[in-house]
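Below, chain A is the first sequence line, B the second, and so on; all start at residue 1.
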Amino acid sequence: MAITTQNPIAIVELCSTLRQLRQLHGHLLAAGVLLDPPLFAKFVAAVALSPRTPHHLPYSHELLSHSPHHASLFALNSMIRAHSKSSTPIKSFHFYRQILLADALSPDNYTFNFLIRACAQASAPEAGRAAHAAALRRGFLSDAHVQSGLIHMYAELGSSDAFRRVYGELQNPDLVTQTAMVSACAESGEIELARQLFDEMPHRDVVAWNAMIAGYSHLGRSREALDLFGLMQVEGVRIGEATMVSVLTACAHLGALDQGKWVHVFVEKNKLRLTVTLGTALSDMYFKCGCVARAMDVFWRMKERNVYTWTSAISGLAMNGNGGKCLELFEQMKDDGVLPNEVTFVALLRGCSVAGLVEDGRDVFESMKSRYGIEPWLEHYGCVVDMYGRAGRLKDAISFIDAMPMEPHAGAWGALLNACRLHKNIELGEYAMEKMMQLELRNHGAYVSLSNIYAESRNWHGVSDVRELMKAKGVRKEPGCSVIEVDGQLHEFFVGDKSHPKYIKIETTMKEMMSKLRSAGYVSRTNQVLFDIEEEEKEDALCWHSEKLAIAFSLMSLRDGVTIRIVKNLRVCWDCHETSKFVSKVFDREIVMRDRNRFHHFKDGVCSCMDYW
DNA sequence: ATAGGGTTAG
């Protein structure tokens with residue numbers, strides 16, 4: 001590496017190994033650059049905050065402890081800041097004490113801001129209250145960023161009363177503080193209050209808009225997030241990278257491909273740099289819209305990829321049923337020197353599961369602990385159960401559950417139950433259901449799965465028993481909802497929904513569609529279709545599942561050859577799945593359907609899931 | 001010289 005002393009700080013960013021950092025340090029030392037205290041402080045700060053080096057934090061600590069006379073307030077504040085974002089935030093207090101112990105130094109507003117954020121990151125209420133008290137004692141509570149930090153911290157700690165009190169005591173809250181309050185209210189679920197505060201703000205900058213948009217996005221209220229983004233453009237607020245990230249998240253959640261593409265064009269037209277965060281959000285949006293090729297294209301165009309980027313891609317491939325590619329990507333991730341985390345393994349195991357790669361999956365699960373020192377979560381166990389079950393190895397699945405070191409959760413039994421549905425094992429299915437109900441009485445998905453097991457084996461008594469049970473336990477099925485996008489406009493359909501302005505035409509189209517499908521050999525299995533519907537509606541032959549309504553509407557609205565893209569909130573039922581297969585053949589139309597778990601790509605009468613889901 | 005908002009899975 002060629003080293004100049006022109007801009008030592010920028011070079012820190014380029015180092016990706018501890019050796020390179022040491023080398024750089026040696027060169028700067030030899031050149032006498034680090035004799036200048038401000039530059040030394042900057043160097044330490046850059047090392048501490050350098051995101052690319054795994055050992056940057058201990059190394060910056062080492063640098064600092066070898067030159068105590070250089071430990072300026074700036075350097076120590078930087079250490080507190082760096083730790084506040086790390087996995088060991090509580091170490092911030094070590095540097096806070098160092099400031100207190102140094103005769104020539106005393107903490108300032110920056111110190112407390114970072115310290116308070118460290119407490120939030122550490123979820124440490126006692127430390128947080130101590131930092132709050134210290135900031136008060138030293139007179140820094142008038143600082144907007146300290147206020148903002150406190151509000152953020154109490155929101156993070158789940159203490160709604162506390163952040164309201166902090167905010168309530170202020171006479172004239174600054175823009176920064178108001179924004180923190182909006183964000184805190186949204187985070188604690190009080191989105192309406194957040195919106196009210198937001199609307200009442202005399203000035204709203206980009207950050208305030210982003211906080212509000214992210215608030216909606218976080219609660220899954222993605223349409224409101226996009227609506228607000230529209231308003232933001234009307235007001236002429238300058239749109240930046242962070243805005244785009246929030247908007248892309250909302251698009252991904254909704255499966256709003258047209259709007260997502262618009263963002264992509266915007267990013268390119270305005271020459272926004274494809275940073276890790278923005279690139280990841282963009283690639284993830286394409287994955288969640290079922291556009292694997294575009295997603296991978298963005299992925300490989302990125303200059304830098306971190307664990308989020310890789311995990312998003314592995315998970316995206318798994319969702320789209322490309323499990324083999326997941327493992328390939330995992331190898332490339334390792335070659336790139338990026339360490340996987342818990343979430344990466346969830347994605348990988350799901351990939352092995354959908355691809356039926358049982359042996360690989362078992363190796364992956366084993367390597368988690370042995371090679372990466374990662375303790376599996378309940379989710380990981382659930383994935384493995386799903387993997388065995390899906391492959392038809394129900395015995396392996398059940399003995400895996402029995403061998404779990406902790407109490408199996410409802411998810412593990414749920415995975416087994418789904419496997420029993422796929423492989424038509426009533427006896428084991430009933431057992432799994434029983435176990436599941438001891439843990440989670442209100443999981444409507446379990447009831448539907450069990451009912452489908454009965455239905456597929458024509459056991460009508462079983463079906464009605466489940467219905468009775470649901471009624472007795474007061475379990476209500478979440479209403480099925482499908483969303484499609486036509487010309488950038490989102491259309492939402494519920495089960496038996498007749499509220500769409502063009503419903504009459506939808507109904508006609510639907511009838512024509514179904515009769516064409518029937519003459520092509522489609523046979524319905526009404527028992528399953530009707531399970532989700534209320535008793536009185538059962539008689540009504542026109543009560544269609546939301547995805548069927550969405551398909552009929554697409555056929556009458558979309559030009560020939562345009563892919564139908566549907567996002568569904570629940571798992572797709574057998575009948576709608578069958579219908580989609582036939583539509584793809586009879587109407588020569590590709591359908592991409594995202595359900596609760598995965599994607600179904602229908603083409604020429606075949607689904608990418610090979611009828612296993 | 002340092003401060004706010006955002007990314008992954010379920």
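- In this structure, R221(A) pairs ionically with E192(A), as a charged nitrogen and a carboxylate oxygen lie closer than 4.0 Å.
- As judged by a 4.0 angstrom heavy-atom cut-off over every strand, T179(A) is placed among the base-contacting residues.
- Contact annotation for A347(A): no contact, since no heavy-atom pair falls under 4.0 Å across all strands.
- Ring centroid separation for the pair Y381(A) and F400(A) comes in under the 6.0 Å cut-off.
- Every residue two or more places apart in sequence or in another chain that forms a side-chain hydrogen bond (donor to acceptor under 3.5 Å, both in side chains) with H132(A) is listed here: Y154(A).
- By the side-chain hydrogen bond (donor to acceptor under 3.5 Å, both in side chains) test, Q332(A) pairs with no residue at all, sequence neighbours left out.
- With Y110(A) as the aromatic partner, R81(A) does not meet the cation-pi criteria of under 6.0 angstrom to the ring centre and within 45 degrees of the ring axis.
- Residue contacts shown for I213(A) are absent, as no nucleic acid heavy atom lies under 4.0 Å away.
- Residue contacts for T249(A): at a heavy-atom cut-off of 4.0 Å it reaches the sugar-phosphate backbone alone, with no base atom in range.
- In this view, K334(A) and E331(A) satisfy the salt bridge (Lys or Arg N to Asp or Glu O under 4.0 Å) rule, not counting sequence neighbours.
- Ring centroid separation for the pair F299(A) and W310(A) comes in under the 6.0 Å cut-off.
- With a cutoff of under 4.0 Å to any heavy atom of chain A, the contacted region of DNA chain B is bounded 5' to 3' by dA1(B) to dG10(B).
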Query raised in the report: What's the verdict on side-chain hydrogen bond (donor to acceptor under 3.5 Å, both in side chains) for N113(A) and N77(A), showing C-alpha distance, side-chain angles and the deciding distance?
Result: CA-CA 10 Å; N113(A) 182 23; N77(A) 279 348; over 6 Å; no
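- Using a 4.0 Å cut-off between a side-chain N of Lys or Arg and a carboxylate O of Asp or Glu, D227(A) and R223(A) do not qualify as a salt bridge.
- Side chain of S283(A) to main chain of G279(A): no donor-acceptor pair is present (N/O by atom type, distance under 3.5 Å, no hydrogens or angles).
- Residue contacts for D143(A): at a heavy-atom cut-off of 4.0 Å it reaches a base atom on one of the strands shown.
- Residue E342(A) is classed as having no contact, given no heavy-atom separation below 4.0 Å to the nucleic acid.
- In DNA chain B, no run of at least 3 Watson-Crick or G-U pairs (N1-N3 plus N6-O4 or O6-N4, or N1-O2 plus O6-N3, all under 3.5 Å) shows up, so the stem list is empty.
- A salt bridge does not link R195(A) with E224(A): every distance from a Lys NZ or Arg NE/NH1/NH2 to an Asp or Glu carboxylate oxygen is 4.0 Å or more.
- Of the residues in residues 281-290 of chain A, those with a non-hydrogen atom less than 4.0 angstrom from any atom of DNA chain B are D284(A), K288(A).
- V182(A) comes within 4.0 angstrom of no nucleic acid atom, judged by non-hydrogen atoms across all strands.
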